[in-house]
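Worth saying up front: this structure is predicted, and the values here are computed from it rather than measured. Quick note: numbers below take in every heavy atom, side chains included, and nothing from hydrogens, waters or symmetry partners. The chains referred to below are lettered A, B, ... by the order of the sequence lines, with proteins before strands, and numbering in each begins at 1.
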There are 2 protein chains.
Amino acid sequence: MERKEISQAVIGRLPRYYRYLGELMEGGVERISSNDLSKRMRVTASQIRQDLNNFGGFGQQGYGYNVKYLYTEIGKILGLDKNHNIIIIGVGNLGQALANYAAFESRGFILKGLFDVNPRLEGVAVRGVPIRMMDELKDFVINNDIEIAALTIPKSKAIEVAAMLVENGVKAIWNFAHTDLSLPEDVIVENVHLSESLMKLSYNVTRYREEHEEE
Amino acid sequence: MERKEISQAVIGRLPRYYRYLGELMEGGVERISSNDLSKRMRVTASQIRQDLNNFGGFGQQGYGYNVKYLYTEIGKILGLDKNHNIIIIGVGNLGQALANYAAFESRGFILKGLFDVNPRLEGVAVRGVPIRMMDELKDFVINNDIEIAALTIPKSKAIEVAAMLVENGVKAIWNFAHTDLSLPEDVIVENVHLSESLMKLSYNVTRYREEHEEE
DNA sequence: TAGATTGTTAATCGATTAACAATC
DNA sequence: TAGATTGTTAATCGATTAACAATC
């Protein structure tokens, strides 16, 4: 069923549409035109219409878009109407932050397991999920239909752990380790490199400082 | 001094170059050609040369690039040779994760302060920095030459806190709150929206699942 | 029906890749 | 010098914006 490839640029914007539509919905707004939405979001109306039309015609001429409907549809596109079993490897502050992230469950991400190397954490529960030791990881993945693994461990361990997870059926890695993972191309890797984000910020603030230094 | 604007696409790639060059340096590699680097990083050699030449000619024909030199130069471009005073607002798990991020100091980011609303955290120290209450924030920012503020607080508070920080001299916001901040355009905002990152992952894994469902 | 606004095609803009002369 | 590889210009590709006919 020939589906044209959708660029990651478009996909990267969908969650932001979803967020704005959610807020509009909360605010009781029933319909919105691409033009009104473009003003709120500070993007062009053209881009909104182009982006949405990659997935189908969700609007109606002369009316605009029904907020609730569009919100639901984008949710479906993002796969938020389905459940996704997720585990977190590495229960440091960052791993715990993710585990405590409340919106998880409401969006269909089911926290199935937490893993760490620190024996003092064994059995400690976060959000009702007990922390397990790494030697249980492989069997757990095999037996619990785990789709997504968040990796919040040092880069020295990340590569081998990721390989093992994928070998045992994990389909996607949410990678917080400061390294690239080279995995089979059917595995989804979503990187969150905080240090790189901070360096980008550093570049921009430094550039700005230089350009405006005058005495 | 007419400086041509450099696209965020290029800037976004610099930290990755920096990381690879750092690893090469650790590995004792002295020089590298754009071609060799392109193979490791899985980008085109052309892109590497184009990207670098936005900032100057760092290589030498017939030789390639000196790893150590290029690493240092990219560090300078990213502003990592200068100190940046940073504070963290919101000392939950995520705020603590950032505070504990060791590489901070080595890259010139000086953690000056931690702030939270929770009175039970008052005075508790993370990495030697005591947690302060929010009512001290304004004066602290004014008196401590704070350049960057990391916001790891709920979105309901983020907008007003950001506005106050900027009013009192903060130049850049590292924004982890699930909201857009509209601030004067001379303020740098670097967003890290974890939920949006997870939704992107969700989209990709869902798409893949659908495309390969056959029985 | 008239007005509004989409869906979609065409035009523009920017980013990536290819090619090659310059040069170490 | 010959070989290697950059820096840079030109060609291509893709993404964004503009325009407008279709239609609610």
Side-chain angles (χ1 to χ4, degrees), chain A residues 2-17 20-21 24 29-74 77 200 203-204 207, chain B residues 2-17 20-21 24 29-74 77 200 203-204 207:
Chain A
E2 193 56 53
R3 183 206 304 270
K4 75 168 167 306
E5 202 57 39
I6 292 170
S7 82
Q8 289 295 316
V10 173
I11 296 157
R13 286 191 290 265
L14 291 180
R16 188 155 176 268
Y17 293 136
Y20 271 84
L21 289 163
L24 285 167
V29 177
E30 256 187 33
R31 67 191 180 97
I32 192 156
S33 68
S34 58
N35 203 259
D36 286 354
L37 188 57
S38 81
K39 277 179 201 133
R40 286 173 185 266
M41 295 187 65
R42 294 159 190 258
V43 297
T44 63
S46 228
Q47 183 166 74
I48 293 174
R49 295 204 298 278
Q50 285 278 26
D51 282 353
L52 297 178
N53 275 92
N54 280 300
F55 303 97
F58 301 122
Q60 199 165 78
Q61 283 95 333
Y63 170 89
Y65 299 88
N66 179 285
V67 171
K68 197 165 185 175
Y69 174 70
L70 187 54
Y71 177 82
T72 308
E73 288 304 309
I74 294 180
I77 293 165
K200 248 193 291 177
Y203 171 88
N204 284 311
R207 241 20 53 167
Chain B
E2 193 57 53
R3 182 206 303 273
K4 75 169 169 304
E5 202 56 41
I6 291 169
S7 83
Q8 290 295 316
V10 172
I11 296 158
R13 286 191 291 265
L14 291 180
R16 190 156 175 266
Y17 294 136
Y20 272 82
L21 289 164
L24 285 167
V29 177
E30 256 186 32
R31 67 192 181 95
I32 193 155
S33 67
S34 57
N35 203 258
D36 285 354
L37 188 58
S38 83
K39 278 178 200 135
R40 286 172 185 265
M41 295 186 63
R42 294 158 189 258
V43 297
T44 63
S46 228
Q47 183 165 75
I48 293 174
R49 295 204 298 277
Q50 285 278 27
D51 282 354
L52 297 179
N53 276 92
N54 280 299
F55 304 98
F58 300 121
Q60 199 166 78
Q61 283 96 331
Y63 171 89
Y65 299 88
N66 178 286
V67 172
K68 199 165 184 174
Y69 174 70
L70 187 55
Y71 177 82
T72 308
E73 289 304 309
I74 294 180
I77 293 166
K200 248 194 292 176
Y203 170 88
N204 284 311
R207 240 24 47 172

Exercise for the section: Would you check if the side chain of B:Asn54 reaches a backbone N or O of B:Asp51 as a donor-acceptor pair within less than 3.5 Å? Expected result: yes

Practice task
To the nearest Å, give me how far apart CD1 (B:Ile48) and P (D:dT5) are.
Solution key: 13 Å

Exercise for the section: Taking only heavy atoms on the protein side, list every residue of residues 7-15 of chain B lying under 4.0 Å from any atom of DNA chain D, sorted numerically. Expected result: none

Practice task
Spell out, as yes or no, whether a donor-acceptor pair under 3.5 Å connects the side chain of B:Arg207 to the backbone of A:Ile6.
Solution key: no

Handout entry: Minimum side-chain heavy-atom gap A:Tyr65-A:Arg49 below 4.5 Å
Key = yes

Handout entry: Non-neighbouring partners of A:Glu73 that pass side-chain hydrogen bond (donor to acceptor under 3.5 Å, both in side chains), sequence neighbours left out
Key = A:Lys76

Practice task
Evaluate the side chain to side chain contact (heavy atoms under 4.5 Å, CB included) criterion for residues B:Ile74 and B:Leu52: first the C-alpha distance (whole Å), next the side-chain angles of each, then the deciding distance (0.1 Å), finally the verdict.
Solution key: CA-CA 9 Å; B:Ile74 294 180; B:Leu52 297 179; 4.1 Å; yes

Problem - For B:Ser46, all residues meeting side-chain contact (heavy atoms from CB on, under 4.5 Å), sequence neighbours excluded - result: B:Thr44

Exercise for the section: Could you check how far CG of A:Asn54 sits from P of D:dA15, rounded to whole Å? Expected result: 10 Å

Problem - Rounded distance (Å) that lies between atom P of D:dG7 and atom CG of B:Leu52 - result: 8 Å

Practice task
Specify the closest pair of heavy atoms between A:Thr72 and A:Lys68, including all atoms of both residues, with the distance to one decimal.
Solution key: OG1-O, 2.8 Å

Problem - Min side-chain heavy-atom separation B:Leu24-B:Tyr71 under 4.5 Å - result: no

Fill in the blank from the handout: Here the distance between atom P of C:dG14 and atom CD of B:Gln47, to the nearest Å, is 18 Å

Problem - Quiz item: B:Gln50 side-chain donor-acceptor pair to D:dT6 base, under 3.5 Å - result: no

Exercise for the section: Calculate the interatomic distance between A:Asp36 atom CG and C:dA4 atom P; express it in whole Å. Expected result: 13 Å

Handout entry: 4.5 Å side-chain heavy-atom contact, A:Val43 and A:Arg13
Key = no

Problem - Under 4.0 angstrom between B:Tyr65 side-chain N/O and D:dA4 OP1 or OP2 - result: no

Exercise for the section: Rounded to the nearest angstrom, tell me the gap between atom CG in A:Asn35 and atom P in D:dT17. Expected result: 14 Å

Problem - B:Asn66 CG to D:dT5 C1', straight-line distance once rounded to whole Å - result: 15 Å

Exercise for the section: Indicate yes or no for a side-chain donor-acceptor contact from A:Arg16 to the backbone of A:Met41 under 3.5 Å, with no hydrogens or angles considered. Expected result: yes

If you restrict it to nitrogen or oxygen atoms, what contacts under 3.5 Å exist between nucleotides 20-24 of chain C and the protein, and what is each distance?
residue : atom : partner : partner atom : Å
C:dC24  : O3'  : B:Gln60 : OE1          : 3.3
C:dC24  : O2   : B:Gln61 : O            : 3.3

Problem - Heavy-atom pair with the smallest gap, counting every atom of A:Ser38 and A:Asn35 - result: OG-O, 2.7 Å

Exercise for the section: Could you check which of D:dT5, C:dT5, D:dG7 has an atom nearest any side-chain atom of A:Ser33? Expected result: C:dT5

Practice task
For DNA chain D, find the residues of residues 37-45 of chain B with a heavy-atom distance under 4.0 Å and give them by number; none if there aren't any.
Solution key: none

Practice task
Quick one: closest heavy-atom pair of A:Ser34 and A:Ala45, and the distance?
Solution key: O-CB, 3.7 Å

Handout entry: Considering all heavy atoms, the nearest B:Ile77-A:Tyr203 contact
Key = O-CD1, 3.3 Å

Practice task
Verify the contact: side-chain N or O of B:Ser34 to OP1 or OP2 of D:dT5, cut-off strictly under 4.0 Å; return yes or no.
Solution key: no

Exercise for the section: Would you sketch DNA chain C in dot-bracket for me? Only Watson-Crick or G-U wobble pairs with both distances under 3.5 Å count, crossing pairs as [ ], other-strand pairs as |, the rest as dots. Expected result: ..||||||||||||||||||||||

Handout entry: Rounded distance (Å) that lies between atom C1' of C:dT5 and atom CZ of A:Phe58
Key = 17 Å

Handout entry: B:Asn204-B:Lys200 side chain donor-acceptor pair, cut-off 3.5 Å
Key = no

